[in-house]
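The structure appears right after this line, and notes come after that.
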Amino acid sequence: MTTPSENEPAAPSDFIRDVVAADVKSGKHVEIHTRFPPEPNGYLHIGHAKAICLNFGIAHEFGGVCNVRMDDTNPAKEEVEYVDSILADTKWLINGWADDNLGLKPTGKTPDTELAGEKPDFHLSAIRNPKSEISVEPFHASDYFDQFYEYALQLVRKGKAYVCDMTPEETDEYRRLGKEGPSRNRSIDENLDLLARMKAGEFPDGARTLRAKIDMSAPNIWLRDPVLYRIRHAEHHHTGNKWCIYPMYDFAHTLSDYIEGITHSVCTLEFEVHRPLYDWLLASLDLAHPLPHQYEFARLNITYTVMSKRKLMQLVNDGLVKGWDDPRMPTISGLRRRGMTASSLRSFAYNIGITKYPSMTDVAVLEHTVREELNRTAQRRLAVLHPIKVVITNYPEDRVEELEAVNNPEDPSAGTRKVPFSRELFIENADFMETPPPKYFRLRPGGEVRLKYAYIIKCDEVVKDDASKVIELHCTADLESKSGGSTSNRKVKGTIHWVSAPHAIDAEARLYDRLFTVPEPDADGDFKSFINPNSLEVVTAKCEPSLEGAVPELRYQFERLAYFALDPDSRPGRLVFNRTITLKDTWAKEAKKR
RNA sequence: UACCCCGUGGUGUAACGGUAACACAGCGCCCUUUGGAGGCGUUAUUCAUGGUUCGAAUCCAUGCGGGGUAGCCA
């Protein structure tokens, strides 16, 4: 019997949570409000999972809210398919943990105008744990386009923004040189007029921009009059053809945080140099306090994989994997299909911590976290991946025994099940060696091994085909050695798994391995040249009959082999299992030494 | 090149001016009807130099190393 609190790992501590805790203690914020703001231009990956666990973790631990927000200000790259997958993956990851802290909004809802002090202001509050009868959706930066435009006008009127006529190339050069451009000192009226005409669609793409007027000689590039709006005559997945000018990240992101009442805006390190601009925007507009503050942490890197959305998209588009949710992908949907649970991903996120050091996490940490949970929870089953036939010559042909097998030795409440035993069996090909090396204690000619839950058998005869390939083993069982019996105490060194041949059911087993052969595939050269050619092996497994009732919710340990999860490709009578992760195999290490 | 950030065992993190610790990985042993799990043990750490201090991983300076930014991407 476990209580919910026991299911949750102890809340971690890090420099960002320290700040939040201090802000709560000082009364700076009444309610903590974070946000998870992905751009819908790809699927979420395990790096996003780190960000989700951080942002939702903070909301959860401090009784606050975390908004899911589509940062959709670039119509050229974004699609609804991604919006849908992002929400689904996020919900899956926080399910049963931080559902109550998920901030969404009623479908179609946009900000309300309120009076903040003497000035009009815009707010959009989150509803958490929305009632099922109302339709909800994630927040969208594109829902604030009207407000953004109002704020842009405010900046222009204050003389803090101007319409710039330079080409992209000129803009780059002037910024590099720290030189002021010719349009910089236009009158406010002219800027207002030009901005209105930009919005009205009078100019082609790229003809003009709206720029913040800050300081072209600032040491920080992002303070050298950054672009706030650009002209893009493009249809937007959420706002259609309403706009032909679109706000840039810094402008939209900062004000989205403000509009949603975000208290702690947590992002990755590459935005660190943008923080002065974030603060400048908030300070330059007349906004009600308290204002949000930005904090940065290091993004996740893991060995033997790649993490950037661009590279993941290449793998998909080049057909190197079967889709965004291919179980070899580090995407949330891929890891889920692989059989990793949301709770183990959360544990992983807690284990790796939050710092500003650009680290490379050993994939072994992820694998360990997954094994740790699966060892506690997975149902044990007998299945043979690479079968070889065994005939128990002294066992009657028509006899079948139902043997009792333990479902989970780590959890007695998981109970037991019956497994049929008969004269003809399959065992794992690797569990027999004709001329074994030292320290090999499985089956060999003349040798003995225990069949788990059954008898000790002795290999009498090795049957080979014309090509000298071993195709069958003839063995005799010590009928007195049956597991659980009064004379079952005989010890032999090895115990192997098996499946009764006439009772076995076939299942497709997809044996996944690391996608890349090197720890840092994107360190140098073309990452695609390091693809592991053996990242997927498909075999027909011989499974104990109880696996017929396998369900996608459960995880299975095929004893002595690996953890498996049912794949969505499964159909009645045609099971497909994905290998989530192998058991740690110390024999493999022993064998490797020789 | 300029600006910003970061340097603690092999890897990832903790220690918040007071005995450098935890996890993973590695190695060894024990146990085992999963060569799994578990138990026990073990190897190995503050980038460098100087300064402040009774005392520095922690504060300061310089150097070195790594990362980020320099899109009308986010």
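Below, read A as the first sequence line, B as the second, and so on, with proteins coming before strands; counting in each chain starts at 1. Small disclaimer: the values here were computed from a predicted structure and weren't measured.
No contact: A:His253 has no heavy atom under 4.0 Å from any strand. Contacts of A:Asp172 with the nucleic acid, taken as non-hydrogen atoms under 4.0 Å apart, involve only primed sugar atoms and P, OP1 or OP2. Note on A:Tyr357: only backbone sugar-phosphate atoms sit closer than 4.0 angstrom, heavy atoms only; bases stay farther off. Nucleic acid contact for A:Met166: base, since at least one base atom lies under 4.0 Å from a heavy atom of the residue. Note on A:Asn351: nothing from the nucleic acid sits closer than 4.0 angstrom, heavy atoms only. A:Thr369 comes within 4.0 angstrom of nothing in the nucleic acid, heavy atoms only. The residue A:Glu39 sits close only to the backbone: its heavy atoms come under 4.0 Å of sugar-phosphate atoms, none of a base. When heavy atoms are screened at a 4.0 angstrom cut-off, A:Lys452 is found touching base atoms of the nucleic acid. Note on A:Glu559: a base of the nucleic acid sits closer than 4.0 angstrom, heavy atoms only. Base contact: A:Pro409 has a heavy atom under 4.0 Å from a base atom. Nucleic acid contact for A:Ile221: sugar-phosphate only, since backbone atoms but no base atoms lie under 4.0 Å from a heavy atom of the residue. Among the heavy atoms of the strands lying under 4.0 Å from A:Tyr440 is at least one base atom, whether or not backbone atoms are also near. In this structure, A:Arg380 reaches the bases: a heavy-atom distance under 4.0 Å links it to at least one base atom across the strands shown. Within 4.0 Å of A:Arg371, counting heavy atoms only, lies no atom of the nucleic acid at all.
In this structure, A:Ala454 and A:Glu169 both approach RNA chain B, and ranking their closest nucleotides by distance from the 5' end singles out A:Ala454. Nearer to the 5' terminus of RNA chain B, by closest-nucleotide assignment, is the contact made by A:Tyr453 (compared with the other of A:Tyr453 and A:Trp222).
Tested against A:Trp243, the residues A:His233, A:Lys199, A:Glu235 include a single side-chain contact (heavy atoms from CB on, under 4.5 Å) partner, A:Lys199. Considering A:Phe558, A:Phe421, A:Tyr453 as possible partners of A:Trp498, the one that fulfils the ring-ring contact (aromatic ring centres under 6.0 Å, His included) test is A:Phe421.
For A:Arg579 and A:Tyr512, the positive end is not near the middle of the six-membered ring at less than 6.0 Å and at most 45° from its axis.
If you walk RNA chain B from 5' to 3' and mark each nucleotide with an atom closer than 4.0 Å to a heavy atom of chain A, the marks span B:C3 to B:A74.
In this structure, A:Glu559 pairs ionically with A:Lys452, as a charged nitrogen and a carboxylate oxygen lie closer than 4.0 Å. Ionic pairing of A:Arg560 and A:Asp585 is not present here: no N-O contact between side-chain nitrogen and carboxylate oxygen is shorter than 4.0 angstrom. Under 4.0 Å is where a charged nitrogen must lie from a carboxylate oxygen, and between A:Lys356 and A:Glu272 at least one such pair does. Ion pairing between A:Asp71 and A:Arg35 fails under the 4.0 Å rule for side-chain N and carboxylate O.
For the P atoms, the distance linking B:C5 with B:U11 amounts to 25 Å, nearest Å. For B:G9 and B:A21, the P atoms lie 14 Å apart once the distance is rounded to whole Å. Comparing the same atom, P, in B:U43 and in B:C27 gives a spacing of 16 Å after rounding to whole Å. Rounded to whole Å, the separation between the P atoms of B:C6 and B:U45 comes to 26 Å. Rounded to whole Å, the separation between the P atoms of B:U46 and B:C40 comes to 28 Å. Taking the P atom of each, B:G67 and B:C31 are spaced 49 Å apart, rounded to whole Å. Of the P atoms belonging to B:G65 and B:C47, the separation is 16 Å, rounded to the nearest Å. Here the separation of B:U69 from B:G10, taken at their C1' atoms, is 31 Å to the nearest Å.
For A:His386 (side chain) and A:Val384 (main-chain N/O), no donor-acceptor pair under 3.5 Å exists by modelled atom type.
Side-chain contact check for A:Ser483 and A:Arg450: at least one donor-acceptor pair (N or O, by modelled atom type) lies under 3.5 Å. Side-chain atoms of A:Gln557 and A:Arg555 include no donor-acceptor pair closer than 3.5 Å.
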**Prompt:** For A:His253 and A:Tyr249, what are the C-alpha separation, side-chain angles and deciding distance, and is it a ring pair (Phe, Tyr, Trp, His ring centres under 6.0 Å)?
**Reply:** CA-CA 6 Å; A:His253 187 261; A:Tyr249 162 82; 4.9 Å; yes

Encoded 5' to 3' (Watson-Crick or G-U under 3.5 Å; [ ] crossing; | other strand), RNA chain B becomes (((((((..((((....[..)))).(((((.......)))))....(((((..]....))))))))))))....

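Glycosidic conformation at B:G55 (O4'-C1'-N9-C4 for purines, O4'-C1'-N1-C2 for pyrimidines): anti, more than 90° from 0.
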